[in-house]
2 protein chains.
Amino acid sequence: MNIGEAARRSGVSAKTIRYYEGIGLIPAAGRTASGYRAYSANEVETLRFIQRARSLGFSVDEVGTLLELWRDRSRASADVKAVALKHVTAIETKIAELESIRRTLLDLTNRCCGDDHPDCPILDGLAAK
Amino acid sequence: MNIGEAARRSGVSAKTIRYYEGIGLIPAAGRTASGYRAYSANEVETLRFIQRARSLGFSVDEVGTLLELWRDRSRASADVKAVALKHVTAIETKIAELESIRRTLLDLTNRCCGDDHPDCPILDGLAAK
DNA sequence: CCTTGACCTTCCAGTCACGGGAAGGTGAAT
DNA sequence: ATTCACCTTCCCGTGACTGGAAGGTCAAGG
């Protein structure tokens, strides 16, 4: 299977597959006689794993760790859970930051009448505190 | 006032001030005879404005727009409000994404007992759907 | 047999918003 | 005269890609 087909089946773009190979996240794919990369169903499965992990916000580094655990049959599920829970904490921190920002912005925008006049509590709020 | 002092008073690092000057977000600062950048209280105020806007998650580009509006005495507050509300929408989208991810991850981690055994619903969830 | 078009290859550059660090000049105090 | 903190410009690296150039390959149609 060529890289384009692997990309279609995995949801990871050809460009990104090559990138993952370049940084060592996945081993270098086999090649046809003419130099085209060739992928097996197994490798596509790995790419799908990576795609799902990335879509859950894991960094490429964390995905590397998850891949290792995935391939390691003697892993402890506690190790996987630790990675996932650490990520959950990071996400919750980020959500809290965004909600704080959201509250501040809504407070400012609610106080701004938003008409033709120049007076603007939003700019005032940014200018001084 | 030297750049270091301006940095301390504005909360924007000296490195970042030079960067902002380089990309044209702020006009080039005046210079002393020996080539040091010199800042007035006014310029520090601008930097503080930028710092607050950035800390609310506005992109540097959006900050540029806000700065223009700030300096434009004939602005309509509606224009400012539009920028702010667009940003609020973007933030709310981001929050929704993160909460969706959080729910998925918590669902997976709750089903993973996290002990010495290799069986792991988290990896299974990433591997297939 | 030739061409067309859709593939594939490598490599370089750009994104965003900076931070690190090198190499060298300046200012003020000791 | 020296020390030391400050300043200058310059280029490189970050994360996770995406875009694009220049060129090779493959299968089908004329």
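In what follows, chains are A, B, ... by sequence order, proteins preceding strands, each numbered from 1. Every value quoted in this text rests on a predicted model; they were computed, and no experiment measured them.
- Residue pairs meeting the ring-ring contact (aromatic ring centres under 6.0 Å, His included) criterion with at least one member in residues 74-124 of chain A, sequence neighbours excluded: A:Phe58-A:His87.
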Anything under 3.5 Å between a donor and an acceptor, one on a side chain of residues 2-10 of chain B, the other on a protein residue two or more places apart or in another chain? List them.
| from | atom 1 | to | atom 2 | distance (Å) |
| --- | --- | --- | --- | --- |
| B:Glu5 | OE1 | B:Arg8 | NH1 | 3.1 |
| B:Glu5 | OE2 | B:Arg9 | NE | 2.9 |
| B:Glu5 | OE2 | B:Arg9 | NH2 | 3.3 |
| B:Ser10 | OG | B:Ala6 | O | 2.8 |
| B:Ser10 | OG | B:Ala7 | O | 3.4 |
| B:Ser10 | OG | B:Val12 | N | 3.1 |

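- Listed by first and then second residue, the salt bridge (charged side-chain N to carboxylate O under 4.0 Å, His left out) pairs that reach into residues 68-77 of chain B come to none, sequence neighbours excluded.
- A salt bridge (charged side-chain N to carboxylate O under 4.0 Å, His left out) check over residues 84-96 of chain B, counting only residues at least two apart or in different chains, returns the pairs A:Arg102-B:Glu92, B:Lys94-B:Glu97.
- In terms of the salt bridge (Lys or Arg N to Asp or Glu O under 4.0 Å) criterion, A:Arg18 has no residue partners (sequence neighbours excluded).
- Applying a 4.0 Å cut-off to non-hydrogen atoms, none of the residues of residues 92-103 of chain B approaches DNA chain D.
- Using a 3.5 Å distance cut-off with no hydrogens or angles, the side chains of B:Glu62 and B:Thr65 do not pair a donor with an acceptor.
- Ion pairing between a basic and an acidic side chain is recognised when a charged N comes within 4.0 Å of a carboxylate O; A:Asp107 and A:Arg103 show no such pairing.
- Counting heavy-atom neighbours within 6.0 Å of A:Asp61 CG, excluding the residue itself, gives a total of 12 or less.
- Qualifying salt bridge (Lys or Arg N to Asp or Glu O under 4.0 Å) partners for B:Asp116, counting only residues two or more places apart in sequence or in other chains: none.
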Please list, pair by pair, any protein nitrogen or oxygen found under 3.5 Å from a nitrogen or oxygen in nucleotides 15-17 of chain D.
| from | atom 1 | to | atom 2 | distance (Å) |
| --- | --- | --- | --- | --- |
| D:dA16 | O3' | A:Arg54 | NH2 | 3.3 |
| D:dC17 | OP2 | A:Tyr20 | OH | 2.7 |
| D:dC17 | OP2 | A:Arg54 | NE | 2.7 |
| D:dC17 | OP2 | A:Arg54 | NH2 | 3.3 |

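- Applying the side chain to side chain donor-acceptor pair (under 3.5 Å) rule to pairs touching residues 25-34 of chain A yields A:Thr32-A:Ser34, sequence neighbours excluded.
- The list of ring-ring contact (aromatic ring centres under 6.0 Å, His included) pairs with a residue in residues 10-51 of chain B, not counting sequence neighbours, reads B:Phe49-B:Trp70.
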ask   = Reading nucleotides 2-12 of chain C 5' to 3', which nucleotides get B (base under 4.0 Å from a protein heavy atom), which S (sugar-phosphate only), which -?
value = -----BSBBB-

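- B:Glu43 and B:Ser40 are linked by a side-chain donor-acceptor pair at a separation below 3.5 angstrom, with hydrogens and angles left out of the test.
- Comparing the end axes of the helix from C:dC1-D:dG30 to C:dT30-D:dA1, each fitted to five base pairs by superposing C1' atoms of four pairs onto the next four, gives an inter-axis angle of 30° (nearest 10 degrees).
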